[in-house]
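Reminder, nothing fancy here: chain letters follow the sequence lines and each chain counts from 1. Keep in mind that what you see is a predicted model, and the values were worked out from it rather than measured.
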There are 4 protein chains.
Amino acid sequence: MNVENIQSVTLEEAQAVAQAAIEKAREMGQPMNVAVAEVGGRLKAFARMETAWTASISIAQDKAFTSATLGFSTQEIGEMAQPGQPLFGINTTNGGRIVIFGGGVPLMRDGHVVGAVGVSGGTPAQDHEVAEAGVAAFG
Amino acid sequence: MNVENIQSVTLEEAQAVAQAAIEKAREMGQPMNVAVAEVGGRLKAFARMETAWTASISIAQDKAFTSATLGFSTQEIGEMAQPGQPLFGINTTNGGRIVIFGGGVPLMRDGHVVGAVGVSGGTPAQDHEVAEAGVAAFG
Amino acid sequence: MNVENIQSVTLEEAQAVAQAAIEKAREMGQPMNVAVAEVGGRLKAFARMETAWTASISIAQDKAFTSATLGFSTQEIGEMAQPGQPLFGINTTNGGRIVIFGGGVPLMRDGHVVGAVGVSGGTPAQDHEVAEAGVAAFG
Amino acid sequence: MNVENIQSVTLEEAQAVAQAAIEKAREMGQPMNVAVAEVGGRLKAFARMETAWTASISIAQDKAFTSATLGFSTQEIGEMAQPGQPLFGINTTNGGRIVIFGGGVPLMRDGHVVGAVGVSGGTPAQDHEVAEAGVAAFG
């Protein structure tokens, strides 16, 4: 049949991803905001630790949006978005929702993007590490 | 002392509120989006059930924002926002984030608003009922 | 398996819906803008006739967004959005993208919303009639 | 006479441009979003292939907007928008709708811009190639 067949991360899966990320952040002692997006970039689950930076609430969601809608980690997109590189300027598209530093990672299944996790609250390197801990909890 | 009282719902409390609302929605057989806001209206926790209406993702968050930042249920605000009533037009303030139909309810502690729950996915009456189930899980 | 399985209108189907609507508008002699949204409300196909009102470009898209993300025609939502009715105020949610007058109609398959058509350029009654001509072309 | 020249691409022309671009994308095996803007940058026609990146829906439209309203390809504008170059920062004007990487190309007639095509879904080089295939179908 000629229909688009979109698989997406479920709520239970998204909650497990978010919880694994939160536990990693607690272990690091760094308050974080964690967002999980479904296929299409829509918010599926979110958790915000006490005292995490408040600007990071939307950054976490936008990192998840970015990786779910472009299929790369925000770290990788950041490299392509440097001056002189192919995607320089992409961060002002989509109403400014594209984030070009680490912390967003796609959730893959059978070679397809089915969602993404976005983390914000520490350095981009810390955020990426916490996001990867979330991804590791995804079957 | 003249300081802003920053008592707020914690992540664990917000997750318990969201979970109780999700369980009520499952019991009703109606897919819902559930948001919990902390003091100041910022997103604290979010959970989206499979197949819930996608327009409701932001409505749920804005209902939580509305009740956390105005201190009333969105059902009550809706009565005050009818033509000829004192708050007619309030829904176009705050960048359009004020919702004036049922589904948002404040979370109170010691007589103070410490957050709010916002639910969207069914009728406003159903959304309000699910939000109240979330509030009931708040100690 | 516990995955979200989203069927969506395809490009060929969306183009056939848009073309049928455009032909109906030509027959009526009323220049129109026609948008088709996929599951989740994202734009799938669009066609704008010469001299159609320019404000209607975004209204057509937002009508398709509204019906795809809420599952009702914008005519029906308009009835529920009158003062004193359950959804009064819904048109200021979702960043102002919810339209509450006729011209948006969901595309259904096997009892599920798989997209929507949105038409703008004439009266809401004309727009709804043109949208229904588009829906009729959907298998 | 001092009047605005409102010559513009017609719907039939815009649909032919979009179709040629879509066929090129299919030939390349890369799912794409294709937008055609009329004079003034307003959306005239749009087509989205199954599974094309969702962030690219608005990027395609904004590339068409950019080339229709500035008269250059987005690739050329991208060169002028690098640090130290004359248009550095232009991508944050117009509410963030100016795109500064390849995929947008003006449609010209008798030396005048009468519209533009914008493509997004692959690399900027692929997007530009698909846009040029669309332009080639414009008489």
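- Heavy-atom minimum distance, D:Val9 versus C:Glu50: O-OE2, 4.2 Å.
- Of the two parts of D:Ile57, only the side chain, counted from C-beta on, holds a non-hydrogen atom closer than 4.5 Å to a non-hydrogen atom of chain C.
- Within a 6.0 Å sphere centred on CZ of C:Phe72, heavy atoms belonging to other residues, nucleotides or ligands number 12 at most.
- Looking at C:Glu12 and D:Arg26, a side-chain N of the basic residue comes within less than 4.0 Å of a carboxylate O on the acidic one, giving a salt bridge.
- D:Arg48 contributes atom CZ, which lies 8.0 Å from atom OG of C:Ser8 (distance to the nearest 0.5 angstrom).
- Nearest heavy atom pair, residue C:Met49 against residue D:Lys44, reads C-NZ, 3.8 Å.
- No side-chain heavy atom of C:Asn33 sits less than 4.5 Å from a side-chain heavy atom of D:Leu43.
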